[in-house]
Amino acid sequence: MTGKNKKTIGLLLLIVVLMVIIPFLALRGAEFGGSDDAGSVMVEEIQGESYEPWFTPVLERLISGEIPGEIESLIFCIQTGIGVGIIAFLMGRFYERKKWEDKEKNEERKK
């Protein structure tokens, strides 16, 4: 790796760390609620307490109750992992394709 690449990677890592830390420092004591909670609060404000959901989530029907928060977090993390895996796979494919194309161009220039 060249010195320029190391500086760029270091700068990008610093930016990522700052993007993670600054919101927590700037918003001390703030509540970080999920969109589900915000949506249900808005529905209650508009409809009142008489609102009935249209359907019950499939997993809640299977276990005849509400899914524990830890299980919801686990399922969300699995979804995230699958998504990241797909994105990383595609990025790797594109990177390798570019390497092969560059290698072919270099071989053609030598001829």
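Note that this is a predicted model, so its numbers are computed, not measured.
Remark: F94 CZ to F89 CZ distance equals 10.0 Å, nearest 0.5 Å. I87 contributes atom CD1, which lies 12.0 Å from atom CD1 of I82 (distance to the nearest 0.5 angstrom).
Partners of K98 by salt bridge (charged side-chain N to carboxylate O under 4.0 Å, His left out), not counting sequence neighbours, listed by chain and number: D102. The side-chain contact (heavy atoms from CB on, under 4.5 Å) test applied to L11 returns I15, not counting sequence neighbours. Qualifying side-chain contact (heavy atoms from CB on, under 4.5 Å) partners for E107, counting only residues two or more places apart in sequence or in other chains: K103. For E70, there are no salt bridge (charged side-chain N to carboxylate O under 4.0 Å, His left out) partners, not counting sequence neighbours. Judged as a salt bridge (charged side-chain N to carboxylate O under 4.0 Å, His left out), and not counting sequence neighbours, the contacts of K99 are E96. Residues satisfying the side-chain contact (heavy atoms from CB on, under 4.5 Å) test with S73, not counting sequence neighbours, are none. Under the rule for a side-chain contact (heavy atoms from CB on, under 4.5 Å), E108 has no partner lying at least two apart in sequence or in another chain.
Under a hydrophobic-cluster definition in which Ile, Leu, Val, Met, Phe, Trp and Tyr are linked whenever side-chain heavy atoms come within less than 4.5 Å, directly or via other members, V84 and F76 are assigned to different clusters. In the hydrophobic clustering of ILVMFWY residues, with side-chain heavy atoms under 4.5 Å counting as a link, V58 and I75 come out together.
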Would you be so kind as to tabulate the donor-acceptor pairs closer than 3.5 Å made by side chains of residues 60-69, with sequence neighbours excluded?
residue	atom	partner	partner atom	Å
R61	NE	T56	O	3.3
R61	NH2	T56	O	2.9

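Cluster partners of I21 are V17, L25, counting Ile, Leu, Val, Met, Phe, Trp and Tyr whose side-chain heavy atoms approach within less than 4.5 Å, directly or via other members. Other residues sharing the hydrophobic cluster of L14, ordered by chain and number and joined by side-chain separations under 4.5 Å: L18, I22. L12 belongs to no hydrophobic cluster, as no Ile, Leu, Val, Met, Phe, Trp or Tyr side chain comes under 4.5 Å of its own.
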